[in-house]
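Every chain is numbered from 1 and lettered A, B, ... according to where its sequence line falls, protein lines coming before strand lines.
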There are 2 protein chains.
Amino acid sequence: MRIGDAAAAAGTTPRALRFYEQSGLLSPPRRSVAGQREYDRRDVARVRVIRELLSLGLTVADLRHCADRLDLLEGDALPPYGEPGVCAKPDGIARRRIAALDEEITRLARLRDGLAARIGNDVRE
Amino acid sequence: MRIGDAAAAAGTTPRALRFYEQSGLLSPPRRSVAGQREYDRRDVARVRVIRELLSLGLTVADLRHCADRLDLLEGDALPPYGEPGVCAKPDGIARRRIAALDEEITRLARLRDGLAARIGNDVRE
DNA sequence: TTAACCCCTGACCTATACGTCAAAGGCAAG
DNA sequence: CTTGCCTTTGACGTATAGGTCAGGGGTTAA
């Protein structure tokens, strides 16, 4: 499987796959004689995991910090709800991310209310 | 008043003042014979208004779209609460910004809950 | 063999609000 | 006159997740 097919199978683009590789989320795949990247189903599964975690708001840097654990999540789905020990490190990262999200939400809410007060709107609909 | 003093008086840096000028929020001030920018109290007041609106979450692009109205807000303070007609355009921009903030808050809250569910935390403490 | 499509690397682009650095000149005090 | 701080312009950096060329080469089917 070359990069275009692998990317399509994972629901993304060749550019993204090269980006994940360069970012340390994917190990460099083997190359064809001509130097073209070759992927298999496990690679595609891993990319799907990466994209799901990214879509949940984790950053590439977050995933890089636990890239070695990431393959533990590979398979048909992520472990249901707290399979003990299996992805402790990602869990910690997710928790920190949640805390950061809470902070950001609070900050934006304060901004919103400040602006609303400034123009004399009701605060919160 | 040269740029350093004006910036200090407005609670910011020379770099920021040049940036506001370049961004179209401040009209180019007169220059000394040697080419140095000269500011007065009204300039400082305007910069304070700019900084207050930026701190409320408006962007430089927002302010540029109503830069001509911005001087209507200059003085000791922003008009209290909906002085009619005085800053209609900024008001509209502020309202759009509030809507954008609401969207963003909702988006982040959804992410937060998705992540929390993923690791089996209680949703919302 | 040639069209048509795929892949390679490297470099620049996006938005935000400035910070930092560099080279060169201005200004006031000693 | 010199020291030292201030100012000028322009260029590059910051963080995110890739997008978009550009120039070159691989692959495949007719």
Distances under 3.5 Å between protein N/O atoms and the N/O atoms of nucleotides 2-8 of chain C, please, pair by pair.
from  : atom 1 : to    : atom 2 : distance (Å)
C:dC7 : OP1    : A:I3  : N      : 3.4
C:dC7 : OP1    : A:G4  : N      : 2.5
C:dC7 : O4'    : A:Q36 : NE2    : 3.4
C:dC8 : OP1    : A:R37 : N      : 3.0
C:dC8 : OP1    : A:R37 : NH1    : 2.9
C:dC8 : OP2    : A:R18 : NE     : 3.0
C:dC8 : OP2    : A:R18 : NH2    : 2.8

Write down the protein N/O and nucleotide N/O pairs, taken from nucleotides 20-23 of chain D, whose separation is under 3.5 Å; answer none if there are no such pairs.
from   : atom 1 : to    : atom 2 : distance (Å)
D:dT20 : O4     : A:R15 : NE     : 3.0

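The separation between B:L26 atom CG and C:dC18 atom C1' is 14 Å, rounded to whole Å. What separates CD1 of A:I50 from P of D:dG18 is a distance of 10 Å, to the nearest Å. Following rounding to the nearest Å, B:F19 (CZ) and D:dG10 (C1') show an atom-to-atom distance of 15 Å. Distance CD (B:E21) to P (C:dC18): 15 Å, rounded to an integer number of Å. When the P atom of C:dT9 is taken as reference, atom CD of A:Q22 falls 10 Å away, rounded to whole Å. At whole-Å resolution of the value, CD in B:E104 and P in D:dT16 are 15 Å apart. The CZ-P distance, from B:R30 to D:dT7, rounds to 15 Å in whole Å. As a whole-Å value, the separation of A:R51 CZ from D:dT16 P is 17 Å.
Ion pairing of A:E21 with A:R18 is absent here, as no side-chain N (NZ or NE/NH1/NH2) approaches a carboxylate O to less than 4.0 Å.
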Side chain to side chain contact (heavy atoms under 4.5 Å, CB included) assessment of B:E38 paired with B:R2: CA-CA 5 Å; B:E38 277 295 331; B:R2 286 183 298 172; 3.5 Å; yes
From CA spacing to verdict: side chain to side chain contact (heavy atoms under 4.5 Å, CB included), B:F19, B:L25: CA-CA 9 Å; B:F19 175 71; B:L25 304 189; over 6 Å; no
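Counting heavy atoms from C-beta on, the side chains of B:L54 and B:V60 come closer than 4.5 Å.
Residue contacts for B:T12: at a heavy-atom cut-off of 4.0 Å it reaches no nucleic acid atom on any strand shown. Backbone-only engagement by A:T59 is indicated by non-hydrogen atom pairs under 4.0 Å involving sugar-phosphate atoms exclusively. In this structure, A:S23 reaches neither bases nor backbone, as no heavy-atom distance under 4.0 Å exists between it and the strands shown.
Checking side-chain atoms of B:D62 against main-chain N and O of B:T59 turns up a donor-acceptor pair under 3.5 Å. Panel note: side chain A:R48, backbone A:A9; a donor-acceptor pair is recorded below 3.5 Å. For A:S32 (side chain) and A:Q36 (main-chain N/O), a donor-acceptor pair under 3.5 Å exists by modelled atom type.
Residue A:Y20 places no side-chain N or O under 4.0 Å from the OP1 or OP2 atom of D:dA17.
Atom CZ of A:R41 is surrounded by 12 or fewer heavy atoms from other residues, nucleotides or ligands within 6.0 Å.
Between the side chains of A:R64 and A:S23, not a single donor N or O lies within less than 3.5 Å of an accepting N or O.
Which of C:dA17, C:dG19, D:dA17 sits closest to the side chain of B:L54 comes down to C:dA17.
A residue-by-residue look at B:S32 and B:V60 shows that B:V60 has its nearest nucleotide of DNA chain C further toward the 5' end.
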